[in-house]
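Just below is one structure, and these are the notes that go with it.
Quantities reported herein were computed from a predicted structural model and do not represent experimental measurements. Protein chains get the first letters and strands the later ones, always in sequence-line order, with residue 1 at the start of each.
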Amino acid sequence: MDDQTRMMTGLTGLGGLQQADVDPDSVRKQQSLGQPQQDIGDILQQIMAITDESLDEAQARKHALNCHRMKPALFSVLCEIKEKTVLSIRGVQEEDPPDPQIMRLDNMLLAEGVSGPEKGGGSAAAAAAAAAAGGSPTDSSIEHSDYRAKLAQIRQIYHSELEKYEQACSEFTNHVMNLLREQSRTRPISPKEIERMVAIIHRKFSSIQMQLKQSTCEAVMILRSRFLDARRKRRNFNKQATEVLNEYFYSHLSNPYPSEEAKEELAKKCGITVSQVSNWFGNKRIRYKKNIGKFQEEANLYAVKTAVDAANVSAQASQANSPATPNSGGYPAPCYTPDGRL
DNA sequence: TTTGATGATTCCTG
DNA sequence: CAGGAATCATCAAA
């Protein structure tokens, strides 16, 4: 991992025992605390000399230093100095508020049902999408399951990736903490410093997580737009619905403009939306007007059908009035002979 | 694969 | 904003 190496170098830089950490002030401070200057000077000399030695020698000296009676006191002073200089500068912008971007992504993933409880928002979103797409209940249920399957796929990828990231994050954090603990035996590292380092690592990983969330959101958006684009998945209305619409159209040929109430009624009867009814009538009017001859047969069929229906109704009600096709003006009515020809 | 049918969308007009 | 007209995209039969 590239970040890992970068972080590791940052680590040694941050906590490393450098010249700046061992400035003369700290030495003077030690003096003022009443400890022998010679002792401190010796220790510092030894520490600085370690870098010039071979590994074995360094290990031996490290051990010797670890056992030195002055070590705890010196470490605590050095920690204090570090705390007051290097870390206080770095720590200014460390109290980060929750990132609004990541919150937005989280909310979206939750709303789309990618994150959060297993079968919650996802099906709701799919249902909404299916409703918007229209079509018969059977069709929408097919699309519904299709949508859900795809969403579940995205969800699975998202969670497995997230898990991988979290695992990597905790592994790396552990690794760094162990390293720091190990190093804290030879150089002054306060618990606060370790805490900060962990926070830095977590921030790094959360920025990676944000990328994951972002691309997941994009995938969901693409899926939704595909799903909602009705033109891609046009389904013909079922036979019964077309019949109901045609019946209305031809029996109102003089004025084939259903009112809002009539549209709602038709929509309910056909199991489609009001806007689909509007579309259908828009298409039907224009296509009928463009080529009346082509629709002649259909017109005759429905004219006869409605006439028969009306006759039945009136016969049952014993009322011999109200003609079935009130054609007057508006769209040209078909003229037909009893055998169905013009 | 081709082609007509058809539902949806877009743009324009009154 | 509803409706007309043109067009698109898909379905389904040949």
Residue list, side chain to side chain contact (heavy atoms under 4.5 Å, CB included) with A/A60, at least two apart or on another chain
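In terms of side chain to side chain contact (heavy atoms under 4.5 Å, CB included), with neighbours along the sequence ignored, A/A60 is linked to no residue.
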Once side chain to side chain contact (heavy atoms under 4.5 Å, CB included) is applied, do any residues pair with A/E298, and if so which ones, sequence neighbours excluded?
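Here the qualifying residues are A/N246, A/Y250, A/K284, A/F295, A/Y302.
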Length of the line joining [X]:[atom1] and [N]:[atom2], which is rounded to integer Å:
X: A/I272; N: B/dG7; atom1: CD1; atom2: P; value: 8 Å
X: A/N255; N: C/dA2; atom1: CG; atom2: C1'; value: 13 Å
X: A/F281; N: C/dG3; atom1: CZ; atom2: C1'; value: 14 Å
X: A/E260; N: C/dC1; atom1: CD; atom2: P; value: 12 Å
X: A/N279; N: C/dG4; atom1: CG; atom2: C1'; value: 13 Å
X: A/Y288; N: C/dA5; atom1: OH; atom2: P; value: 15 Å
X: A/K289; N: C/dG3; atom1: NZ; atom2: P; value: 13 Å

Report yes if a side-chain nitrogen or oxygen of A/K290 is closer than 4.0 Å to either non-bridging phosphate oxygen (OP1 or OP2) of C/dA6; otherwise report no.
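Yes, such a contact exists.
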Under 3.5 Å, N/O pairs linking protein and nucleotides 2-6 of chain B:
from	atom 1	to	atom 2	distance (Å)
B/dT6	O2	A/R234	NE	3.1
B/dT6	O2	A/R234	NH1	3.4
B/dT6	O2	A/R234	NH2	3.2

Ring pair (Phe, Tyr, Trp, His ring centres under 6.0 Å) with A/Y158: which residues, sequence neighbours excluded?
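So A/Y158 forms no ring pair (Phe, Tyr, Trp, His ring centres under 6.0 Å) with any residue.
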Please list all pairs passing the salt bridge (charged side-chain N to carboxylate O under 4.0 Å, His left out) test where one or both residues lie in residues 250-262 of chain A, with sequence neighbours left out.
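Qualifying pairs: A/E260-A/K263.
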Among pairs that include at least one residue of residues 162-180 of chain A, which meet salt bridge (charged side-chain N to carboxylate O under 4.0 Å, His left out), considering only residues two or more places apart or in two chains?
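Those involving residues 162-180 of chain A are A/E161-A/K164.
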At under 4.0 Å between heavy atoms, what does A/K284 touch on the DNA or RNA strands: base, sugar-phosphate, or nothing?
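Nothing: the residue A/K284, judged by heavy atoms under 4.0 Å, touches no strand.
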Should the pair A/F281 and A/Y248 be assigned to parallel (<30°), tilted (30 to 60°) or perpendicular (>60°) ring geometry?
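A/F281 and A/Y248: perpendicular rings.
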Choose from C/dC11, C/dA5, C/dA6 the nucleotide whose nearest atom is closest to any side-chain atom of A/R235.
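For A/R235, the side-chain atoms sit closest to C/dC11.
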If you check the A/I286 side chain, which of C/dG3, C/dG4, B/dA8 turns out closest?
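The closest nucleotide is C/dG4.
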Would you name the heavy atoms of A/I189 and A/L180 that are closest together and state the gap between them?
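Of all heavy-atom pairs spanning A/I189 and A/L180, the closest is CD1-O, 3.5 Å.
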